[in-house]
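As structure tokens, the structure follows; a few thoughts come after it.
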Amino acid sequence: MSSATQYQPVFVGEIRARLEALFPKYPEKQACLLPALWLVQEARGWISDGAIAEVAEVLGLTPAYVRGVVTFYTMYHTHPVGRHFIQVCTTSPCNICGAEEVTKALLKHTGCGALGATSPDGRFTVIEVECLGACGFATPILIDDDFVEGVTPERVAGILQGYK
Amino acid sequence: MGYPHASHPKEEVVLSKHFGDAGARTFDGWVKRGGYEALRKALALSRDEVVEVVKASGLRGRGGAGFPTGLKWSFMPKEVTKPHYLVCNADESEPGTFKDREILRWTPHQLIEGCAIAAHAIGAQRIYVYVRGEFTAEYRILQAAVDEAYRGGALGGDVLGSGRRIDLVVHRGAGAYICGEETAMMNSIEGRRGNPRIKPPFPAQAGLWASPTTINNVETLSAVPHIIAKGAEWYRSLCRGNPKSTGTKLFSVCGHVQKPGNYEVVMGTPMRELVYDMAGGMRPGRTLKAVIPGGSSVPMLSAAEIEDCPLDYEGVAAKGSMLGSGGMIVMDDSTDLVYQVMRLARFYAHESCAQCTQCREGTAWTTRILERILAGEGKPSDLDLLLDLADNMTGKTICVLSDSCAAPVVSAIAKFRGEFEAYLSRARKPALAQV
């Protein structure tokens, strides 16, 4: 816990209502764990230690258990990321169609420099991911929630302009 | 991008008939195209009658295993003493496969209708559709369609006036290939790490929350309304000589073909027609080197082997591979197979849930040895070492993830040994920096 500022709960007001609307969909509250973590990430951008403790509290689990689940799933961020999070597929079907060149172009044009690093202006983080399930439209990238297909190194700069 | 590509004359469009037609996405649009009539018909039949029709159709699981769907449904207890659940596997993550995404994107009501019919057949009141976390647009489209289906009376407390309750919950994954394995998927829905479970008990005995559960793939469930509407005879007649593989199947073709995309063909259609005619064959001046025919987890086939290979379960099995999910990765002569096998091994190492030693260690060591070979630091004994590792990774773990890592390695060494030896003998320039 590096931050000295006090943790502000996520599950209040509308987000609390959204969480509670999930409860009747499952016979056990624990099943709301993945959806609850999505709500946290949507609100805060990442899942902090404080959020882990809060999720554990609202679902009747232990923080250690919640942490075990958070770290299993690659889409939950356990540290802050750039305002726009870019995932580029480099698994074989995209790889043979030039995905590694797309990755290089993304690292260059975002200013991130390295995979997993956030650009100095805080705008972007780029990571390589395994198969995005769009192999026929190589190379696909996911920018936040936007799927962009058929990305080539030449298209990268233009695509990034839409994300400030 | 994506759809629609014009339908090829060699296709038989059943599931994909409305791909590219945004009007089919809405509840009213689906009803206008004849949608939900099959559900109405099924609800007028008994559970057993629906199961019998699907059994007679010959429909087999389209997610990869090819298990007969009607038979799977018949394993569900007749007496409903505990809640029964249907889980729809929309966690499409197998490299090379992108067919379910198209179904979710264009015809969500086709899937909802299939789910509701299946729920009726297995005595389930609740359906969970597990959509992979990365399918953000598909998740929104499906959720919107589910909301509409509730308003339209196709889901909820009194489905189409039958008095039957069927609820559907869309559950979003969060980035884990292994959750496509059915028991890992159940753990994930329950709010756990996605570790596969030991079978038995099988899901039909003790699945979600230890209750009877059936898990079916998106494409399998989407075929069901058509079978109910047009009958088992019709579906069985979609066949090219092998009565064990019936109906149509969506094949995702990707890699070095001129027209990658999804193609729906009758089972038993020659693989060569799919690769060369429908998908347009190789780029000018290139020749085919290898095809991974059923998603990345199956052994690869050489160009010669696909020449007389029919696209059905038995036909691909006879060539020593598997039809799997129908995701075909096509690689031409420009492909560095050693590098691509390393990328696949890296995929499996990344996706291993790490509970079984053979998989956790095996996928990681396989990757490191392949990286070493690619960096020009391979040892002459490395190929034997890879094969020995692969042997220890096959048939020895809770699920088949480690087998899936071994399959491309073993088949590539068997069929393209020279490419590995070129790195080992330093005849080929290293493709990777020192590791």
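Note on naming: letters A, B, ... go to the chains in the order of the sequence lines (proteins, then strands), and numbering restarts at 1 for each one.
Panel note: side chain A:Gln30, backbone B:Gly191; a donor-acceptor pair is recorded below 3.5 Å. Side-chain N or O atoms of A:Trp38 include none that pairs as donor or acceptor with a backbone N or O of B:Gly133 at under 3.5 Å.
For B:Leu208, no part sits under 4.5 Å from any heavy atom of chain A, backbone or side chain. When heavy atoms are compared at a cutoff of 4.5 Å, A:Ile96 approaches chain B by way of both its backbone and its side chain. Only the side chain of B:Glu351 comes within less than 4.5 Å of a heavy atom in chain A; its backbone stays farther off. For B:Tyr85, the part sitting under 4.5 Å from any heavy atom of chain A is the side chain, from C-beta outward, and nothing else. The part of B:Val330 that comes within reach of chain A is its backbone (N, CA, C, O), which places non-hydrogen atoms under 4.5 angstrom from that chain. Heavy-atom distances place the backbone of B:Ser93, and not its side chain, under 4.5 Å from chain A. Heavy-atom distances place the side chain of B:Tyr128, and not its backbone, under 4.5 Å from chain A. Interface remark: B:Arg193 contributes backbone and side-chain atoms alike to the contact with chain A (heavy atom separation under 4.5 Å). Residue B:Ser188 touches chain A through both its backbone and its side chain, counting heavy-atom pairs closer than 4.5 Å. The contact between B:Cys179 and chain A is made entirely by side chain atoms (from C-beta outward), counting heavy-atom distances below 4.5 Å. Using a 4.5 Å cut-off between heavy atoms, B:Val169 touches chain A through its side chain atoms alone. Neither the backbone nor the side chain of B:Asp332 has a heavy atom closer than 4.5 Å to any heavy atom of chain A. Contact annotation for B:Tyr139: neither backbone nor side-chain heavy atoms come within less than 4.5 Å of a heavy atom of chain A.
By number of non-hydrogen pairs under 4.5 angstrom with chain B, the leading residue of A:Leu59, A:Thr90, A:Leu142 is A:Thr90. The choice from B:Gly255, B:Ala137, B:Gly194, B:Gly96 that makes the most heavy-atom pairs within less than 4.5 Å of chain A is B:Gly194. In terms of heavy-atom pairs under 4.5 Å with chain B, the best-connected choice from A:Ala36, A:Ala31, A:Cys94 is A:Ala31. Heavy-atom pairs under 4.5 Å with chain A were tallied for B:Ala279, B:Ser296, B:Cys254; the largest tally goes to B:Cys254. Looking only at heavy-atom pairs under 4.5 Å with chain A, the residue among B:His350, B:Arg346, B:Met331, B:Glu92 that has the most is B:His350. Of the residues considered (A:Leu37, A:Val66, A:Leu132, A:Leu61), A:Leu132 shows the highest number of contacts with chain B, using heavy-atom pairs under 4.5 Å.
Distance CD1/B:Ile189 to CG/A:Leu34: 10.0 Å, rounded to 0.5 Å. To the nearest 0.5 angstrom, A:Glu100 atom CD is 3.0 Å from B:Tyr339 atom OH.
For the side-chain contact (heavy atoms from CB on, under 4.5 Å) test, residues two or more places apart in sequence or in another chain that qualify with A:Pro9 are A:Val12, A:Glu54.
Applying a 4.5 Å heavy-atom cutoff, the residues of residues 117-131 of chain A that approach chain B are A:Glu128, A:Glu130, A:Cys131. Of all residues spanning residues 67-77 of chain A, those with a heavy atom less than 4.5 Å away from chain B's heavy atoms are A:Gly68, A:Val69, A:Thr71, A:Phe72, A:Tyr73, A:Thr74, A:Met75, A:Tyr76, arranged by number. Proximity to chain B at a heavy-atom threshold of 4.5 Å picks out A:Pro24, A:Lys25, A:Tyr26, A:Pro27 from residues 19-27 of chain A, in numerical order.
Using a 4.5 Å cut-off on side-chain heavy atoms (C-beta onward), A:Asn95 and B:Gln340 make contact. Here the side chains of B:His171 and A:Pro35 are in contact, with some heavy-atom distance below 4.5 Å. Annotation: side chain of B:Ile329 is not in contact with side chain of A:Cys135 (no heavy-atom distance under 4.5 Å). Contact annotation: the side chain of B:Pro95 never approaches that of A:Ser92 to less than 4.5 Å [non-hydrogen atoms, C-beta and beyond].
No side-chain donor-acceptor contact under 3.5 Å links A:Thr91 and B:Arg343.
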Could you go step by step and tell me if B:Arg172 and A:Glu42 meet the salt bridge (Lys or Arg N to Asp or Glu O under 4.0 Å) rule?
CA-CA 13 Å; B:Arg172 191 177 172 208; A:Glu42 196 184 300; over 6 Å; no

Stepwise, does the salt bridge (Lys or Arg N to Asp or Glu O under 4.0 Å) test hold for A:Lys29 with B:Glu190?
CA-CA 9 Å; A:Lys29 258 190 183 177; B:Glu190 290 181 8; over 6 Å; no

